[in-house]
Each structure stands twice: as structure tokens, then as C-alpha cells.
Amino acid sequence: MSPHAAGRRRVHRSVATGLPLALAAVLVAAGTAAAAPSGNARVVRTATLGEIPLGTFSNALLPGSVSDDRGVKLGGIGSDIYPAGRKGEYWTVTDRGPNGQIKVDGKKRRTFPVPGFDPAIVKIRVAGKDVEVIDAIPLTTASGKAVTGLPDQRSRDEAPYTFDARTPLSYDPNGLDTEGIVRAGDGSFWLVDEYGPSLVHVSARGRVLARYVPEGLGLTGADYPVVEALPSVLLHRKVNRGFEGLAQLPGGDLVMALQSPLSLPDGDAGEASRTTRLLRFSPREKAVTAEYAYRFDPVNVVDPSEDDTSELKISSVVAVGRDRLLVEERTDKAARLQLVRLGRGADILGGPWDDDTTSPSLEQLDDPAAAGVPVLSKRLVVDLGKVAGVPGKIEGIARVDHDTLALVNDNDFGMTDGEGAFDARGRLVDSGVRTTVTYVRLPKGL
């Protein structure tokens, strides 16, 4: 009997006691040795996720959801990582699934080669050089259907296409591009999403309980409650650059990070800006209670090989105290971790910078602090780009202990952009990038 005969049950077995046979039979052990120290911080351990066919994984959670995985393996679980309680165990979350871009008639189209893929919460265990999948929870709507990772709104999101960028796919108002994850004390989960951008409350079994979106978004047709509770200025989020980082403070409040500056008043301003925003949300009040201006370092400081400011992103935020956060500034090739304190005097919620008619906008200011904006102060903790053995595109960070961090990379399901992403038979030409969990020991405790 399938472990998901009802179509909505979750996988909940360890590798030792019997991971569902469909997954266990294809789990391939792999790993790499820990790298030598570089500077003061050093990699002390690296573990690698084995190869699990995406169709096998998805259909074990929601039978029949994926008819053809086109040779794609499970990946993308590096969108975030959160301690699961036991040593070496973590909750992770996939993003919206395999996707890429192909130019057709000179214009880029967003492809979804496995449109039936359902984003999932994945529990992993680091065991030696291996990353083992020990639990997986599909994200479902109120009626138990897959939320999918397809874009929500025709007027706002990129149009979805098949793997070859030739055939349009349908939009899905339930679709989520999930990123950050934390687990609440009652066993439920909080996730953030790039489409809305939105904050999503999910039950312990994966059912979407509520999706909090910006005021004025006007999302209709979703099979779960949609609550317009976030500032309307977030409607100006850059495409594919909504919320990516999520932290849970000791008191239970959540902090969400916009991956990139808002496109305010237009795209050019957002591309050139180094100022993004963090928002504090109270689950008890179900409301945003504070907002903060965060200033990136110059892009060539974060990544000496990069000169395009628009490549700067925040991918992870981690609580390290009552009002302290680690914030990851990154490009795809480099990352630096900054320590910030969320002081009351830094709150800009409800002020002129939340009014999209304010000119110049927060994003247009060359020096926000000089203009009277209380920009968050920060201190560099570690430059991961200078630590040998740290892979590129780190999107998730968890605190292991006072001087050790666990990092997870996003391997994009082995996808690349362009027509060469799939062969003549429509099978993935894998990039060879693997999902890894990398432990970094810092010279000083946090």
C-alpha cells in the first residue's frame, strides 16, 4: 500500500527504519571531503544529497502529480535550512521547482519542465558525508490539492511555458515560490514566497492555513485564505525577487527579508539601488509591526568578480538573539554574513518610505542615512567567498552552535538556462551541481 493512499499524507519514516521504498531504492550515497581552512573561518564538514528521481519523490507524496520528470533529480531543497531539534537534522524547503529561461524571438520565456511539481518541506539528516531525506511534507491547499510552483497572476508574474519554451502553461492562483522556512512551537511552519511577496502559514501536515500578501494585490481564486496584511509598497517587488529570507526571533516574531530593492518608482531605480527592506511580523497580531531599511555593501565588495549592482541579494536571515540577526548578502558566486540589531529607532513602518508617491523613493537615495533614514547598522562576521570549500549560491543558513553554521546551496535541480538545458529527447542535461550541506566554524562565537 502506498504511504500516501489518501493522496495527502506525508512521508514520515527514517532511512534506518524504512524510508518509502520508492525513495530508498534510488538514494545514492555521495560526498566530498572537508576543505582546508582559509583565513580564520574554515569548512569542517561537507555532506551531499544523493540522486533521487524527482518523479519518484513527488509521486510518493501526491500520487500522480508528476507524469514525466524529464530526468530531473530532487534538488532545490537549499532554499533554506532550519534546525529540527536533533543533532544533524534540519527542515529545508524546495522552491517552486525546476525552472529556467530560454530566448524565443529575442525575448526570454520562463520554463517549467515539471509543471506538476508541488513545493515541499523536506526534513534531512546529515550522516557522515551523506545528506539523507528522512521526511517530506507536500504543500497543499485547503482541499488537499497541490499548491504547485506555477506563477499566480497574468498581470504581475512571468508567463509560464513548457520545457522547450514553445507551449504556454496555465497560471495557478495557488502557486507558491517558497523560500525561507521556520518551525513554530506548535509544530506548524512559516514560509515566505517570492510571487506575492507573501508570508505563508502552513500546518504541520503541509496544509496552507493562510497566505499574507500586500494590500491591493487582488489575488483571487486561491483554495486557501488570502489575507492582505502587508504594506502595499511591496507590490513594487522586482519579478522573482520577493521575500527570500525568514527568521524567527526568540519571542516568536518573524523577520522577512526582501531579496532585492523594490522597483520604486521603476525598474531602473530598483536595479541600481543598494537599499532593501526587512519586515517584522507578529503571528499573534497577524500584522507587520516594524519595517527596516537595510543597505547592501557595494557589489564589488561582496563579490570582487561582479560589477552589476542588481546581482546583490539577501537570501537568508538567522536569529542569533532577542533582536539580533545574521543577514546574508550574496551574489551567485560569493556571500558575506553581517550581524545587525533591530533597534526600535530604526523602524520606518508607515512613514513616507511606505508611500509609493514619495520622491525620491527610499530606493533612489544614494545615501539614505544622510537623508535621515535610520538604516540598520551592521558588522561583518565572515566573508564566505574567502572560505575554501564553500559552494556558490548559498541560500540557507542555520546556526548549529555558538561558533558553527550549517550552509545549504540551491542547485536549481541541476537546471541551466538556454536551449541546451534539455537534449533532443527532452531529458535534462544536468549541470552536475549537487545539493550540499557545509559546516563552517567561525573564529569567534555569535
Side-chain angles (χ1 to χ4, degrees), residues 65 76 79 93-102 104 107-119 139-143 145-163 165-180 191-202 207-244 246 256-267 269-271 276-277 279 281 288 354 356:
S65 57
S79 285
V93 64
T94 70
D95 60 14
R96 58 186 168 177
N99 68 95
Q101 288 185 313
I102 295 176
V104 176
K107 295 184 178 180
K108 290 182 179 179
R109 290 181 175 178
R110 179 63 60 181
T111 63
F112 289 81
V114 190
F117 174 77
D118 180 41
L139 298 183
T140 58
T141 68
S143 61
K145 298 178 181 177
V147 301
T148 84
L150 294 169
D152 298 334
Q153 295 176 300
R154 183 180 303 275
S155 60
R156 182 169 171 76
D157 300 315
E158 293 173 298
Y161 285 85
T162 51
F163 80 100
R166 297 295 174 182
T167 306
L169 296 169
S170 299
Y171 289 82
D172 182 1
N174 293 315
L176 295 171
D177 185 1
T178 46
E179 295 293 345
L191 311 172
V192 286
D193 152 77
E194 295 213 60
Y195 286 143
S198 49
L199 175 66
V200 187
H201 193 199
V202 177
R207 181 168 58 89
V208 176
L209 302 174
R211 182 179 183 183
Y212 299 93
V213 302
E215 294 180 2
L217 181 65
L219 177 63
T220 59
D223 183 27
Y224 48 65
V226 176
V227 184
E228 294 191 353
L230 309 183
S232 62
V233 72
L234 299 178
L235 294 173
H236 295 277
R237 67 98 174 94
K238 182 180 178 180
V239 173
N240 294 334
R241 300 282 185 91
F243 291 140
E244 182 148 305
L246 178 65
M256 306 167 281
L258 274 173
Q259 184 182 134
S260 296
L262 296 175
S263 295
L264 192 63
D266 52 36
E271 296 282 289
T276 190
R277 304 172 188 233
L279 290 97
F281 183 91
V288 173
D354 278 349
D356 59 13

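Side-chain atoms are counted along with the backbone in the values below, which use heavy atoms only and exclude waters and symmetry mates.
- Distance check, rounded to the nearest 0.5 Å: OH of Tyr161 to CG of Asn99 gives 15.0 Å.
- Gly221 and Pro173 get closest at one heavy-atom pair: O-CG, 3.5 Å.
- To the nearest 0.5 angstrom, Tyr171 atom OH is 10.5 Å from Asp152 atom CG.
- Side chain to side chain, Thr178 and Asp193 fail the donor-acceptor criterion of an N or O pair below 3.5 Å.
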Report the C-alpha separation of Val202 and Leu209 in whole Å, then their side-chain angles, then the decisive distance to 0.1 Å, and conclude whether the side chain to side chain contact (heavy atoms under 4.5 Å, CB included) test is met. CA-CA 5 Å; Val202 177; Leu209 302 174; 5.9 Å; no
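- Listed for the Glu228 side chain is a donor-acceptor partner under 3.5 Å among the backbone atoms of Gly218.
- Donor-acceptor pairing under 3.5 Å is recorded for the side chains of Asp172 and Thr148.
- To the nearest 0.5 Å, the span separating OG on Ser79 from CG on Leu246 amounts to 12.5 Å.
- Under the 4.5 Å side-chain criterion, counting only non-hydrogen atoms from C-beta, His236 is in contact with Asp356.
- Judged purely by atom type and a 3.5 angstrom limit, Arg156 has no side-chain atom pairing as donor or acceptor with the backbone of Leu217.
- For the residue pair Tyr212 and Ala229, the shortest heavy atom distance occurs at CD2-CB, 3.9 Å.
- The CG atom of Leu150 lies 12.5 Å from the CD atom of Glu158; values are rounded to the nearest 0.5 Å.
- Judged by distance alone, the side chain of Asp223 and the main-chain N or O of Ser143 form a donor-acceptor pair under 3.5 Å.
- Proximity of Asp118 to Thr94: side-chain heavy atoms (C-beta onward) are nowhere separated by under 4.5 Å.
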Side chain to side chain contact (heavy atoms under 4.5 Å, CB included), that's the test. Do Phe163 and Val114 meet it? Break it down for me. CA-CA 8 Å; Phe163 80 100; Val114 190; over 6 Å; no
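- Looking at every heavy atom in both residues, Pro231 comes nearest to Val288 through CD-CG2, 3.9 Å.
- Between Pro197 and Gly242, the shortest heavy-atom contact is CB-CA, 3.8 Å.
- Distance check, rounded to the nearest 0.5 Å: CZ of Arg241 to CG of Leu258 gives 11.5 Å.
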Residues Thr141, Val208; criterion side chain to side chain contact (heavy atoms under 4.5 Å, CB included); working and verdict: CA-CA 6 Å; Thr141 68; Val208 176; over 6 Å; no
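- In this structure, the side chain of Arg109 engages the main chain of Ala165 through a donor-acceptor pair within 3.5 Å.
- Closest approach of Pro119 to Gly149, counting heavy atoms only: CD-N, 3.8 Å.
- Proximity of Leu191 to Val93: side-chain heavy atoms (C-beta onward) are separated by under 4.5 Å at one or more points.
- Checking side-chain atoms of Glu244 against main-chain N and O of Gln259 turns up no donor-acceptor pair under 3.5 Å.
- A heavy-atom distance below 4.5 Å is found between the side chains of Met256 and Phe281.
- To the nearest 0.5 Å, the span separating OG1 on Thr276 from CG on Leu262 amounts to 6.5 Å.
- When all heavy atoms of Leu235 and Pro214 are compared, the pair lying nearest together is CD2-CB, 3.8 Å.
- Looking at Asp177, its side chain never comes within 3.5 Å of a backbone N or O of Tyr195 through a donor-acceptor pair.
- A side-chain donor-acceptor contact under 3.5 Å links Tyr224 and Arg211.
- In summary, Glu194 and Arg96 do not engage in a salt bridge, as defined by a charged side-chain N under 4.0 Å from a carboxylate O.
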Working for side chain to side chain contact (heavy atoms under 4.5 Å, CB included), residues Thr162 and Phe112: CA-CA 5 Å; Thr162 51; Phe112 289 81; over 6 Å; no
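- A donor-acceptor contact shorter than 3.5 Å links the side chain of Thr111 to the backbone of Gly100.
- Between Arg277 and Asp354 there is a salt bridge, since at least one side-chain N of the basic residue sits less than 4.0 Å from a carboxylate O of the acidic one.
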